[in-house]
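Heads up: the structure comes next, in structure tokens.
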Amino acid sequence: MIMLVGIPAAALFIDTALPYFLSQAVGTLTTGNVHALWNFIALASGAAVVGVILNLIGFQSAIHHESLVRRDLANSTVAKLLAKDQDFFSNQKIGALTGKFIDFLNAHVGLQDLLIIRTLTFILSVGSGVAIIFTHTPMLGFIILGLIVILVVQVRVSMKLRATYRTERKKLVGEVNGAAADAIANSLTVKTFANEQYELSALAKITEKYRDVYRKDFRRMSVEGSLRIFVMSSVQIIAVALLAILLINKKVELGIAIFTIAYLQRIASQLFSLGDLINGYDRLFIQAAPMTEILEHGPLINDQPNAKDLVVRKGEISLENVDYTYRDSPDVKVLDNFSLQIPMGQKVGVVGVSGAGKTTLTKLLLRFDDITSGTIRIDGFDIRTITQTSLRKSIAYVPQDPALFHRSLRENIAYGDLTASEHQIHQAAQQANALAFIEKLPHGFDTIVGERGVKLSGGQRQRIAIARAILKNAPILVLDEATSALDSQSEKLIQDALAKLMKNRTSIVVAHRLSTIAKLDRIIVLDSGKIVEQGTHKDLIALHGTYATLWAHQSGGFIEE
């Protein structure tokens, strides 16, 4: 509230009251009224001091408010983005999404500045000056009002004519950011395939489109700006000529004439920025639009209003008559009337060729998506009736392609338990067979791993992810190809660690490498979203069915498809 009053009021004192009192002081020189002269100088001094004080208070308040807005807006926007479904991020270019986020923050802060610092200041400053001129010289007041109306109409017409160009420019900026981010994020792939020129050519096609649109847009804007200069210059010449005639005929006081001439110059510069002012709103709304559209659509997976926190006491998992189809392909069943009971503490392996539904099973258990029909229960609770946060806190998950934060190894491992001690972090690293390679690094646990863990090998990233899951110490364990990137020696060490980790925990292990699951309590074989075989490794080999065929066709421990 302070800034809403302080900044515009400061402009009123500095831009209107100060020049008015000074012009009146000069006007008293023709009358020889020394007392009036010093009165006007005193008033001008007072206006200047009050204006400076109000300006300081107003901007201090604006800075405080802006910092709060930027902080709260950033926090709330990231919170809403993190609440989005996993499929949302799969369909987004992270670079472009980050650009939209930054544009959104800057646009909101920019709108505040535009409204308070420029728009309200402009209205008060121009309005009060025109009112003074109207009081003494109505004819000039009408001329200036006419000028304002002409310029507003001109700017609005120009905005409509340029609307297509502005929208296209914003779209192309997003494409440029996305293409650049995609190429940079995959720089290793670009280099190994020696396709730098291809990526540059692809980017050049987009930037060339942007150049054409930019040129057309600003050519039109330059014509509009030149026309505005012509109109304002003409009005200034007409106003000065009219003032000269009025002064000769003694129809206006010298002080008012000086104020009008000085104020016309000030108004001219302010009115010239009128187009930028109006365009500023349009530009900032367009800038905020992409992220606004994203935030308008809430997540598809939501907690029920009365959802309770899950407290796992046994860890029994039950899938009953589960069907699952992709939203964009409702005719294709990924899981078909799928039922599976996993008693407390049982370790279950899941195998099958690609597309059989293995990863989908883990995705649905973590409720990254909802099943089409049927029920998934943990300890008898339908997972749709419990909070997603409590569900995921109860499950330690290691995905097929673990991504690490651009932070230290210590921070990445401790992400499994943010309260973990240094000893617990080291112990988890040791259990995951990661301690040996960490200690060989120059900075050890303080090593920054790079974006998504790019400084580590695939096997090292996976071992850090396993250490993170070990530290989480959740009652349910889900491993999705968790050992696929490990060499045979590391795999044996990891299997020993996982055997300890899985003890007394309900575990689901998805694997292509069958040696990873051969010693588990039960193995289920999926095909087209259905269980076609299940039993121990020995039982399934004896069946001479799908599992036995997969086992026979392994090469180096991997399924050949």
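Computed from a prediction, not measured in an experiment: that's the story for all the values here.
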Quick one: does R367's side chain have a donor or acceptor within less than 3.5 Å of a partner on L391's backbone? no
To the nearest 0.5 Å, what is the distance between NZ (K358) and CG (L335)? 11.5 Å
Ring pair (Phe, Tyr, Trp, His ring centres under 6.0 Å) involving F142 - partner list, sequence neighbours excluded: F134
Flag side-chain contact, heavy atom, 4.5 Å: D446 against R410: yes
Taking all non-hydrogen atoms of both residues, which atom of R463 and which atom of A434 are closest, and how far apart? CB-CB, 4.1 Å
Could you measure the distance from the CG atom of N106 to the CZ atom of F104? Nearest 0.5 Å is fine. 11.5 Å
Within the 4.5 Å heavy-atom criterion, are T447 and I438 side-chain neighbours or not? no
Among all residues two or more places apart in sequence or in another chain, which pass the salt bridge (Lys or Arg N to Asp or Glu O under 4.0 Å) test with R384? D382
Write down the atom of R461, the atom of L404, and the distance for their closest heavy-atom approach. CG-CD1, 4.1 Å
Roughly how far, to the nearest 0.5 Å, is the NZ atom of K393 from the CD atom of Q388? 13.0 Å
Hey, are the side chains of V510 and V478 touching, using non-hydrogen atoms and a 4.5 Å cut-off? no
Heavy-atom pair with the smallest gap, counting every atom of A180 and L203: N-CD1, 4.3 Å
If we ignore angles and hydrogens, is there a donor and acceptor under 3.5 Å between the side chains of D480 and T359? yes
Check D370, T360, D369 against Y324 for a side chain to side chain donor-acceptor pair (under 3.5 Å) and give me the one that passes. D369
Go through the structure and list residues passing ring pair (Phe, Tyr, Trp, His ring centres under 6.0 Å) with F437, not counting sequence neighbours. none
Take Y198 and V190, measure what side chain to side chain contact (heavy atoms under 4.5 Å, CB included) needs, and give me the verdict at the end. CA-CA 9 Å; Y198 170 79; V190 173; over 6 Å; no
Does a side-chain heavy-atom distance below 4.5 Å link D323 with I371? no
I'd like to check the salt bridge (Lys or Arg N to Asp or Glu O under 4.0 Å) partners of E196; sequence neighbours left out, ordered by chain and number. none
Side-chain heavy-atom pair I448, L409 within 4.5 angstrom cut-off: no
Would you give the length of the straight line joining atom CG of L456 to atom CD of Q462, rounded to the nearest 0.5 angstrom? 12.0 Å
Which of L56, V49, V50 passes side-chain contact (heavy atoms from CB on, under 4.5 Å) with I53? It is V49
So do V449 and R407 actually touch side chain to side chain, heavy atoms under 4.5 Å? no
Output yes when a side-chain donor or acceptor of T372 lies under 3.5 Å from a complementary backbone atom of T325, and no otherwise. yes
Just to verify, what does Y214 make a side-chain contact (heavy atoms from CB on, under 4.5 Å) with, not counting sequence neighbours? R169, Y210, F218
Give a yes or no on whether the backbone of K205 and the side-chain of E208 come within a donor-acceptor separation of less than 3.5 Å. no
Does the distance from a Lys or Arg side-chain N to an Asp or Glu carboxylate O, for K209 and D212, drop under 4.0 Å? no
Check whether any side-chain N or O of R468 sits under 3.5 Å from a backbone N or O of Y415 as a donor-acceptor pair, and report yes or no. no
Nearest-0.5 Å distance that lies between atom CG in L200 and atom CG in N195: 10.5 Å
Once you round to the nearest 0.5 Å, how far does CG of L441 lie from NZ of K455? 10.5 Å
Going through the checks in order, is the side chain to side chain contact (heavy atoms under 4.5 Å, CB included) test met by E411 and F405? CA-CA 8 Å; E411 290 173 290; F405 292 96; over 6 Å; no
When the ring planes of F368 and Y397 are compared, do they come out parallel, tilted or perpendicular, using 30° and 60° as the limits? perpendicular
Close side-chain approach of T389 and D303, heavy atoms under 4.5 Å: no
Does N412 use its side chain to pair, donor to acceptor, with the backbone of S408 at less than 3.5 Å? yes
How far apart are the closest heavy atoms of A179 and I206, and which atoms are they? CB-CD1, 3.9 Å
Contacts of type side-chain contact (heavy atoms from CB on, under 4.5 Å), residue L111, not counting sequence neighbours: Y281, L284, F285
